[in-house]
Amino acid sequence: MKTPVSTSATLKAAAPDLIPPRKYKQYAGWLVLIAVLIACSIRTEVTPYQLITGLPQMGSLLREMFPPDWSYLSTIWGPMMETVQIAILGTTLGGLLAIPVALLCASNLAISRYVSLPARMILNLIRTIPDLLFAAIFVAVFGIGPFAGMLALVFFSFGIIAKLTFEAIEAIDPGPLEAMTAVGANRMQLIMFGVVPQALPYFMSYLLYTFEVNVRAAAVLGLVGAGGIGLLLDRALGLFRYDRASVIILLTLVIVLVIDYGSTIIRRKLL
Amino acid sequence: MKNMTSPLSGKPSGSVIGSRIRFALITLFIIAVYYWSVQGMQFEGIQGTAGTVSRSILQGFLHPDWSFVYIAEGEDLLRGLLDTLVISILGTVVAAVVCIPFAFWASTNMSRQLAVSGSGKIVLSVIRVFPEIIVAILFIKAVGPGSFAGVLALGIHSVGMLGKLYAETIESIDRGPQEALIASGANRLQVLRYAVLPQVIPQFLSYSLYRFEINIRSATTLGLVGAGGIGTPLIFALQVRNWNRVGIILLGIIVLIILTDLVSGWVRRRII
Amino acid sequence: MAVLFPITDNAENLPFRNPLQKVGPFMIEFDKVSKVYPNGTVGLRNINLTINEGELVVIVGLSGAGKSTFLRSINRLTDISTGEIRVNGNSVTHASGSQLRHIRRDIGMIFQSFNLIKRSTVMRNVLSGRVGYHSTLRTMLGWFPKEDVDLSLDALQRVNIREKAYIRADQLSGGQQQRVSIARALAQEARVILADEPVASLDPLTTRQVMDDLKRINRDMNITTVINLHFIDLAREYATRIIGLRAGEVVFDGTPAEATDEAFAEIYGRPVLQDELLGGA
């Protein structure tokens, strides 16, 4: 079945002028982006020139941070551990609170839509508020100290874990649930024996993931007075003790890395 | 507590006794961790006035200070939110551009030696570990308080995550088009332009928008440490316990974040 | 679009460089070529042969016999260990970077998996075959001259998918995508087309269409074509010359008429199997 060359000519006659599609939308998109950038640059007076000249200043700051004042390590060890404690308690309480809410939100558990939709909306609202804002508010209510930081992390973790978990519940295999319903299980039994075994590894994994995020968060909560290592960082910077600040930052990095590493190993075993 | 440990010990293991011992050890360990955490938490710092303060906060949130939304001559809610938005846009753009060389550095299929991409990956994860607030504080010390420090903080911090995502994108591209271009006599730059970039640019843009959604959340808090945006009036309002003003600012932040999420999600769907 | 090159039934009027105007016949020469991979696998063993202008050579052999290595060593996508390969009198083996790019410009390549940029338009893909002709700066900006666009449209017309020029490549069927990659080689004004298992991922019907395209281009435009195939009936039907490889060695080199079932049994070291026949036709 050979195609003769002449069909090309007939095709050409059928489509005499192939006009490339105009890319107005694409061009418009880039133009809008550039216009926005220029407007932003004017508004904040941040120009590319400043960006380039600003970086060397950062370099001189880094020079002031070395050598670190290692003797300060013994002073900051306690607050550093407090930071980890804040993260552990905040994550756990947030995770526990998240369980019932996740169950309410999951659409496949057939709980009334009048419950699940508002519950989801509240979750979305909570997740729009950054952890540091929660901390600032709780410090105002409960006073300076780790308790306010812990509460901030409770709310913050609650939003993340509940969302991830209800999505995991919605993704579980419906087979066991149907089998349970078929043998006449009630809603509680359904959740205990149908949902929990499938969703629990995911929940644990999210809990650990949130813990990793929270350790980072807890390290800065002190900047608004909510306990932990951040308070000392703020003080060191306020007194221009950059050698001490660098010790705090380095220790924070080490702790964060160690916890990330451990948590990643456990998570890999869970899933 | 029992529930939480069961998936750890529930793994199939050699003997029943062995798994029982493991279960007991893990349970003990977890109990110890929680005991340590709880006794470290000092509750004595809690103010006795918490109840009354809570009530006045609730009052404030229920009666937001609408007059703060727009003030003709000075710092108001709209200007603060605009600054926050602007800081996060600029920070994201800075990061999206700066991370490109890092991403090519860190992706395994762009260099022969594994040591090259490995070192790039380490640099990116070191950048990622720094919380942006700490980066912001350092920049405030370096260049003074204001939006500029905020832009730099977001820009530098986001390089860590964006560079990693970009590098993963580059690593996942189809090698075929590169080979086709090489076979037709293209040089390295031409291969990059015609075989690599068309495959990665849409994904790059999508990740940058995703990072923008994260950055706008961070940008609201940058002001708490003095790096510009809506956080600055918020920390003032908190310090003088002007709850009506705190209420309107929180409301503004929530609206801003929901709006930007909607816009960004819409653009992302159109790109891919 | 202004028609710079009026299209008629006559292929000679198409705006491709007429290969016959070049001085001397265009040949591919293998001179004592061997290839041993770093892990010790022998890819090619002492190959000595010449492919003449206008031939349609089909390389056959079991998988792992060195078919791909043979093809890819011609444009040096794979480096050879010893010996020399010359294309149009120029040594591929000893060419420097820019010399090699110039040689490669004359050699179009077609792959089993098409190797198109799936998100780009068909036109972008075909134009990408032209980048070797322009300065780096110009190609970085993406400014192709109008002649290139016309050339690409005509190349697409050669394979009967001109009307798809501004459609994204991933919206085409497998056979159409392979035609786009043929058009890319044509727009490149290649004088040789190398096709590495071009029909292995296509169904029998589109296989014949793509092979017909390759055959027609080979005949009408006098483009030397080298194809790796594993369907032996296709090899007999389309080739002007069949080369059989076994463990990196040439064990058969002759006309399709000489390539009997016995000859194939010799190449494969065993009788021909049913799945090595495409069937039909």
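Source: prediction; values computed, not measured. Below, read A as the first sequence line, B as the second, and so on, with proteins coming before strands; counting in each chain starts at 1.
In plain terms, the two heavy atoms of B:Q190 and C:T139 that are nearest each other are NE2-OG1, 3.1 Å. Between C:M140 and B:R193, the shortest heavy-atom contact is O-NE, 2.7 Å. Smallest separation of non-hydrogen atoms from B:A183 and C:F111: CB-CZ, 4.4 Å. Of all heavy-atom pairs between B:P177 and C:L116, the closest is CG-O, 3.5 Å. For the residue pair B:P202 and C:R119, the shortest heavy atom distance occurs at CG-NE, 3.2 Å. Contact between B:P198 and C:S120 at its shortest, heavy atoms only, is CB-OG, 3.8 Å.
Summarising the geometry, atom OG belonging to C:S113 is positioned 6.5 Å from atom CG belonging to B:D174; distances are rounded to the nearest 0.5 Å. In this structure, the separation between CZ on C:R104 and CG on B:N187 is 11.0 Å, given to the nearest 0.5 Å. Distance CG/C:D106 to OG/B:S184: 11.5 Å, rounded to 0.5 Å. The CD1 atom of C:I117 sits 6.5 Å away from the CG atom of B:L181 when rounded to the nearest 0.5 Å.
In this structure, the portion of C:L141 lying under 4.5 Å from any heavy atom of chain B is its backbone and not its side chain. Neither the backbone nor the side chain of C:H102 comes within less than 4.5 Å of any heavy atom in chain B. Interface remark: C:R76 contributes no atoms to any contact with chain B (heavy atom separation under 4.5 Å). For C:R130, no part lies near chain B; criterion is any non-hydrogen pair under 4.5 Å.
Between the side chain of C:R105 and the main chain of B:G185, no donor-acceptor pair closer than 3.5 Å is present.
Environment of CZ in C:F144: crowded, with over 12 heavy atoms of neighbouring residues, nucleotides or ligands closer than 6.0 Å.
Looking only at heavy-atom pairs under 4.5 Å with chain B, the residue among C:R124, C:K118, C:M109, C:H134 that has the most is C:R124.
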